[in-house]
2 protein chains.
Amino acid sequence: MNLKELSSYLGLSQTTVSRALNGFPEVSEKTRQRVIEAAKAHGYMPSQSARGLATGRVGAIGHIIPLGKHQMINPHFSDFMAGVGIAYADFGVDIVMKICAQDQELATYRKMVKSNRVDGFVLQGPLVDDPRMDLLQTMGVPFVVHGRSAGATQPYNFLDVDNEGAFERATQFLIDFGHRDIALLNGLETMDFAHKRRKGFLTVLQGAGIPVRPELMFSQDMSEVYGYEVATNILALPNPPSAMLCASKLVALGVMRAIADAGLVAGKHVSVVTFDDDFGFLGTHAAVPQITCLRSSLYRAGTRVAHMMMAAVDDPLGISTEIWEPELVVGKSTGMKL
Amino acid sequence: MNLKELSSYLGLSQTTVSRALNGFPEVSEKTRQRVIEAAKAHGYMPSQSARGLATGRVGAIGHIIPLGKHQMINPHFSDFMAGVGIAYADFGVDIVMKICAQDQELATYRKMVKSNRVDGFVLQGPLVDDPRMDLLQTMGVPFVVHGRSAGATQPYNFLDVDNEGAFERATQFLIDFGHRDIALLNGLETMDFAHKRRKGFLTVLQGAGIPVRPELMFSQDMSEVYGYEVATNILALPNPPSAMLCASKLVALGVMRAIADAGLVAGKHVSVVTFDDDFGFLGTHAAVPQITCLRSSLYRAGTRVAHMMMAAVDDPLGISTEIWEPELVVGKSTGMKL
DNA sequence: TTGTAGGCGTTATCAA
DNA sequence: TTGATAACGCCTACAA
């Protein structure tokens, strides 16, 4: 059933039916009701291709996932996407997801724009210097960044957590407990978020006059194994750290395992603080409810970004930015330095 | 740049340019080259909306993810999607991903079909009795199932692993080691794969004349915590199992943790076998390389399903089915019953 | 308040 | 081998 059939069935013009369905004010309420009912009864839905062609809006937002950056195979990503997807549903918008080889990323953006596949993009995992913003800005396509990019030259829409401030607070929190030898198990520092966390960490250390120990600073893809191996190694140092600051709960889980394996107790012999993106499938809440963390919901970030995206499509010129402050949740993994 | 502009630039008709670009044989090689070069130079890409309207093919496959079934927030899902996505790229096809509330699932399929959003669907996580197949079959939409559904009435395209056979082998493997008290930590048995695994498990137990102990059989959403808690409980039984069969590496990780916490050694005091979907982000290979497992790659399954999907779109009547046999990889988590 | 007619960018049919 | 021309299904001035 298409518009033509539906309207001839109703004895109305396509125009009137279209207007009735799209909520135009000039249609009489009586006609509108009749149209809406008939549409529902016959299961009429406008063809997205036709509508896209006519309006220039295709009702889809692009999410491009370069494989090999571990974005896809990664719970942080999934949780965020769930939030985005649920919010899009309210707008009748779809996710067009494109998974591509890493070196095809920019080309993929270009193709999707040229072929008019989407009305805009959500960018995830921004780097310190990220070429995507420039590309999309010169192409004139609306986009929203989850995170920020320190190297950006023009204003752009973004939603970020205050990574720098969060790690300042966490570091200060540990210092207040008397810790001076603090390890940093950061994410990859080409990523903007990790760059900012490192910055926050160093700012507070230096402010407190604590010498930086580069051998306690790590920057890697976040995984359980990474946490386990690094923690195992540094706990075996002649002068081991008394506290560890982790970039992800995944990493912290590995750290906790290493601490246990070393016969130590977290919160007593070693303090652990982690950034907690608060995701569900590992059941980490139940497993290790006790880790002190900076918490921010990726799911909620996703829904918010989706709303910002819709606004950006409606008004390509307006810029909106948001920075969220993570909550510091004190658990049992932190305590006074022995 | 659109077709009209490109063709007038070339001094050719739109028809000829379109034909040249789409590989029609009647175009002279010389013209074709000229067209292809100009198209590349100007970055021309056909509008998908227009093409979709003209051909009826929109170049997109639907993946509908009901939230709350833990599909999205789940590494099994991600790994499979990565494979699918990479394979689609070769066909110039996109994933249209729709995340919806659980009770909206069937309605969402209907809407996407009616609005002509996609050329077909990939179905994941089929239940023993799954209404989706019937729906899509009556709507006449091509689809491929990753997995199977025992309750299906009509033939359909699917790719599955031999879950029943795999668990038969695993169970026999443990029995051969002298184990008789074997726990089953299965996935949710409304899911077809879990149903089949249970069946395989029971078949072999009964064939060997080993009494079934229902208090050692569990069926839940697969997570680390599930494995940990169940294993902790059953190891404390007066008559604990000497072996455990897990539905997922996530579950097995929890089991291993519980075994360690109980001061036992896997492969010595307790044998553990797991289904291993072989995903990467947890770095489980490095962390626990030793668990005996039935292994099958979700990523490869994804690429295969994508190819089957493309074939199904080209020939909506042809049915193709595939069943893969997982590999039994013997690790150190299994040994003779003490 | 409703209808007519043209256009969105392709592909497909038919003729040259 | 190429080119007019008519769809594809919808939206939207403009007219009534």
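For clarity, every value in this text was computed on a predicted model and none was experimentally measured. Letters A, B, ... are given to chains in the order of the sequence lines, protein chains preceding strands, and every chain is numbered from 1.
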(request) Check whether NZ of the Lys or CZ of the Arg A:R304 lies under 6.0 Å from the centre of the six-membered ring of A:W324 and within 45 degrees of that ring's axis. (result) no
(request) Estimate the overall bend of the helix from C:dT1-D:dA16 to C:dA16-D:dT1 from the end axes over five pairs each, rounded to 10 degrees. (result) 40°
(request) For the pair B:R32 and B:E29, find out whether any cationic side-chain nitrogen is under 4.0 Å from an anionic carboxylate oxygen. (result) yes
(message) Would you say that more than 12 heavy atoms from the other residues, nucleotides or ligands in this model lie under 6.0 Å from the CZ of B:F91, or not?
(response) yes
(request) Mind calculating the distance between CD (B:E26) and P (C:dA16) to the nearest angstrom? (result) 18 Å
(message) Distance check needed: C:dT1 P versus A:R34 CZ, whole Å only.
(response) 15 Å
(request) Might you point out which heavy atoms bring B:K98 and A:G92 nearest each other, and give the distance in Å? (result) NZ-C, 4.4 Å
(request) Hey, can you tell me if A:H146 and A:F80 have their rings parallel, tilted or perpendicular (30° and 60° cut-offs)? (result) parallel
(message) Can you tell whether the side chains of B:R117 and B:D94 come within less than 4.0 Å, N to carboxylate O?
(response) no
(request) Would you kindly give the CD-to-P distance between B:E5 and C:dC8, to the nearest whole Å? (result) 10 Å
(request) Treat primed atoms plus P, OP1 and OP2 as sugar-phosphate and everything else as base, then score nucleotides 8-16 of chain D 5' to 3': B for base contact with protein heavy atoms under 4.0 Å, S for sugar-phosphate contact only, - for none. (result) BBBSBB---
(message) Measuring to OP1 and OP2 of C:dT2, would you say a side-chain N or O of A:T31 lies under 4.0 angstrom away?
(response) yes
(request) Would you please test A:V58 and A:Q48 for side-chain contact (heavy atoms from CB on, under 4.5 Å) and show each step? (result) CA-CA 7 Å; A:V58 297; A:Q48 280 299 335; 5.8 Å; no
(request) For side-chain contact (heavy atoms from CB on, under 4.5 Å), just list the numbers for B:Y88 and B:M309, CA-CA rounded to whole Å, side-chain angles, deciding distance to a tenth of an Å, and then say yes or no. (result) CA-CA 9 Å; B:Y88 282 160; B:M309 186 70 244; 4.1 Å; yes
(request) Figure out the CG/P separation between B:L21 and C:dG9, and round it to whole Å. (result) 16 Å
(message) Side-chain N or O of A:T16 versus OP1/OP2 of C:dT2: is the shortest distance under 4.0 Å?
(response) no
